[in-house]
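Quick note on labels: first sequence line is chain A, next is B, and so on, each numbered from 1. Predicted model, so just to flag it, every value in this text is computed and none were measured.
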Number of protein chains: 2
Amino acid sequence: MKKAAKRAAGLHRASLTKLHDLDAALELMYYGWRGMTLTADQYLATLGLSRPHHRILYVVARQPDISIGSLIEILGISKQAVNRPLNLLLQRKLLTSKRSPEQHRSKLLRLTEAGKQIEQRASGYERKVLREAFDRVGPPGAAAWMAVMGVIADNN
Amino acid sequence: MKKAAKRAAGLHRASLTKLHDLDAALELMYYGWRGMTLTADQYLATLGLSRPHHRILYVVARQPDISIGSLIEILGISKQAVNRPLNLLLQRKLLTSKRSPEQHRSKLLRLTEAGKQIEQRASGYERKVLREAFDRVGPPGAAAWMAVMGVIADNN
DNA sequence: CTCTCAGGTCAATATAGTTGACGTTAGAAT
DNA sequence: ATTCTAACGTCAACTATATTGACCTGAGAG
């Protein structure tokens, strides 16, 4: 994803004929997702990490001592899919896994300091994009955005 | 993506501790994307198609006689990545490619009737989700949503 | 003390993308 | 006219992210 993609996303966002009045909204959802995540992904790529790693870091940051099983449930992907990125993060010492003395059945995950820093920076890039957009429309607009997204997100 | 994913997306959407005030918005963007595309993806899967096929159908529907090169530019992926899904669609006769007599250099793509129907139905599922959300908040809310997404999408 | 089941790992496969190498065609510059 | 170049397009090999299936381990229930 370099020059061509960038150009396409920027240039052609409004270039397609709209067959329906909601086509513009459809396309905004697509490019919005990319717009929010692009800078964070670029940062992560410099560290040899990507979206799945970030998602793991994000969740563990917000729920320390989470078990792998719970993590899987939140991420909504198979435990096998979690395995590889998780092991990379452990190996890189961005998070730790320990078994508690009593609950010997599951491992408890926590971020290390290095892991926290990366998580904060990556998520920070995403929040920055959102913040700028919200600032542009003011609190009522931000609230409306949240309301719309909430309804859409409920279609899961 | 079946029971576990569904449960995760629905149940855990609000369950994580929020470290920042924009965390909720961040998560809404993630689950919103899934919420909008889920039903369409399920429909496409019954036909043995998926998101890249839909994206091609979507663009060609809105720009008939588009060349493969322009398609690539709009999609923002490499021509090699377009090749496989494109060939499947041609083979299934959901779209046609012809070379114009004078412009022999590029192929011109068009949807067949079958392709149009699938495109309309798949995109229709996505528009339905958006329409319901917009109806819930009214035109000003919808406009605010569009404004916010426009700013976010510009970060490409 | 054994049976079951959740937690966790390994192996094989599918899908969507990448880069590299290469053939074809149109148009420009000798 | 001939050749050079660049765009268009295809094929092959590889990477990353997911999937399902098979299996091991250990806690707790009977």
Side-chain angles (χ1 to χ4, degrees), chain A residues 1-9 30 33-34 37-38 41-42 44-45 47-56 65-91 95-109, chain B residues 1-9 30 34 37-38 41-42 44-45 47-57 65-91 95-109:
Chain A
M1 178 184 312
K2 29 196 71 73
K3 198 174 43 180
K6 204 174 169 63
R7 199 156 25 95
Y30 179 71
W33 170 254
R34 296 188 28 148
T37 55
L38 187 64
D41 283 342
Q42 286 170 345
L44 289 163
L47 304 170
L49 302 176
S50 55
R51 195 121 295 275
H53 304 106
H54 183 198
R55 291 219 279 146
I56 293 170
D65 284 337
I66 191 175
S67 69
I68 295 184
S70 304
L71 178 63
I72 285 161
E73 208 178 326
I74 292 174
L75 295 180
I77 58 178
S78 66
K79 58 183 175 178
Q80 295 89 334
V82 167
N83 198 287
R84 222 191 288 225
L86 184 60
N87 279 334
L88 179 65
L89 295 174
L90 287 166
Q91 182 190 316
L95 49 81
T96 59
S97 83
K98 62 165 192 213
R99 296 187 186 266
S100 71
E102 64 284 350
Q103 232 305 37
H104 210 255
R105 221 154 140 160
S106 52
K107 289 180 180 175
L108 307 180
L109 303 173
Chain B
M1 177 181 316
K2 31 194 71 72
K3 199 173 43 181
K6 203 176 171 60
R7 198 157 24 95
Y30 180 71
R34 295 185 34 142
T37 55
L38 187 63
D41 282 342
Q42 285 169 344
L44 289 163
L47 305 171
L49 302 176
S50 55
R51 194 122 294 276
H53 304 106
H54 184 197
R55 290 220 281 144
I56 293 171
L57 294 176
D65 284 336
I66 191 175
S67 69
I68 296 185
S70 304
L71 178 63
I72 284 160
E73 208 179 326
I74 292 175
L75 295 180
I77 59 178
S78 66
K79 56 184 175 176
Q80 295 89 334
V82 167
N83 197 287
R84 224 192 288 229
L86 184 60
N87 279 334
L88 180 65
L89 295 174
L90 286 168
Q91 183 189 317
L95 50 81
T96 59
S97 85
K98 60 164 192 212
R99 296 188 185 263
S100 70
E102 64 284 350
Q103 233 303 37
H104 210 255
R105 220 154 140 159
S106 53
K107 289 182 180 176
L108 306 181
L109 303 173

Just how far, in rounded Å, is [atom2] of [N] from [atom1] of [X]?
| X | N | atom1 | atom2 | result |
| --- | --- | --- | --- | --- |
| B:Arg84 | C:dA14 | CZ | P | 11 Å |
| A:Ile56 | D:dT17 | CD1 | P | 10 Å |
| B:Ile72 | C:dA16 | CD1 | P | 17 Å |
| A:Asp41 | D:dT17 | CG | P | 10 Å |
| A:Asn83 | D:dT20 | CG | P | 15 Å |
| A:His54 | D:dA16 | NE2 | P | 20 Å |
| A:Ile77 | D:dA16 | CD1 | P | 16 Å |
| B:Arg51 | D:dA18 | CZ | P | 16 Å |

B:His53, nearest nucleotide to its side chain (from C:dG17, C:dA16, D:dT10) =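 From the listed options, C:dA16 comes nearest.
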
Which residue lies toward the 5' end of DNA chain C, B:Lys79 or B:Val82, if each is placed at its nearest nucleotide?
->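 Final value for this comparison: B:Val82.
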
So what does A:Ser67 touch, heavy atoms closer than 4.0 Å: a base, only the sugar-phosphate, or nothing?
->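 Nothing, no heavy atom under 4.0 Å.
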
Where do B:His53 and B:Leu88 land on the side chain to side chain contact (heavy atoms under 4.5 Å, CB included) test, with the steps shown first?
-> CA-CA 8 Å; B:His53 304 106; B:Leu88 180 65; 3.4 Å; yes

So, is A:Ser78 close to the D:dT19 phosphate, meaning a side-chain N or O under 4.0 Å from OP1 or OP2?
->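 Affirmative; the distance criterion is met.
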
Any A:Lys107 side-chain N or O less than 4.0 Å from OP1/OP2 of C:dT9 |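 For A:Lys107, the contact criterion (side-chain N or O under 4.0 Å from OP1 or OP2 of C:dT9) is met.
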
Indicate, yes or no, whether a donor-acceptor pair under 3.5 Å links the base of D:dG9 to the side chain of B:Gln80.
->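 It does not, because no donor-acceptor pair links the side chain of B:Gln80 to the base of D:dG9 below 3.5 Å.
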
Spatial distance of atom CG (B:Leu95) from atom CG (B:Leu89) [nearest 0.5 Å] =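 Interatomic distance, B:Leu95 CG to B:Leu89 CG, rounded to 0.5 Å: 5.0 Å.
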
Name the residue closer to the 5' end of DNA chain D, choosing between A:Ser50 and B:Ile68 according to the nucleotide with the nearest heavy atom.
->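 Result: B:Ile68.
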
Heavy-atom check, side chain of A:His54 versus side chain of A:Thr37, under 4.5 Å |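 Counting from C-beta outward, A:His54 and A:Thr37 never come under 4.5 Å.
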
Check whether any side-chain heavy atom of A:Lys79 sits under 4.5 Å from a side-chain heavy atom of A:Ile68, and report yes or no.
->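 Answer no - side chains too far apart.
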
Show your working on side chain to side chain contact (heavy atoms under 4.5 Å, CB included) between A:Leu109 and A:Ser97 and close with a plain yes or no.
-> CA-CA 5 Å; A:Leu109 303 173; A:Ser97 83; 3.6 Å; yes

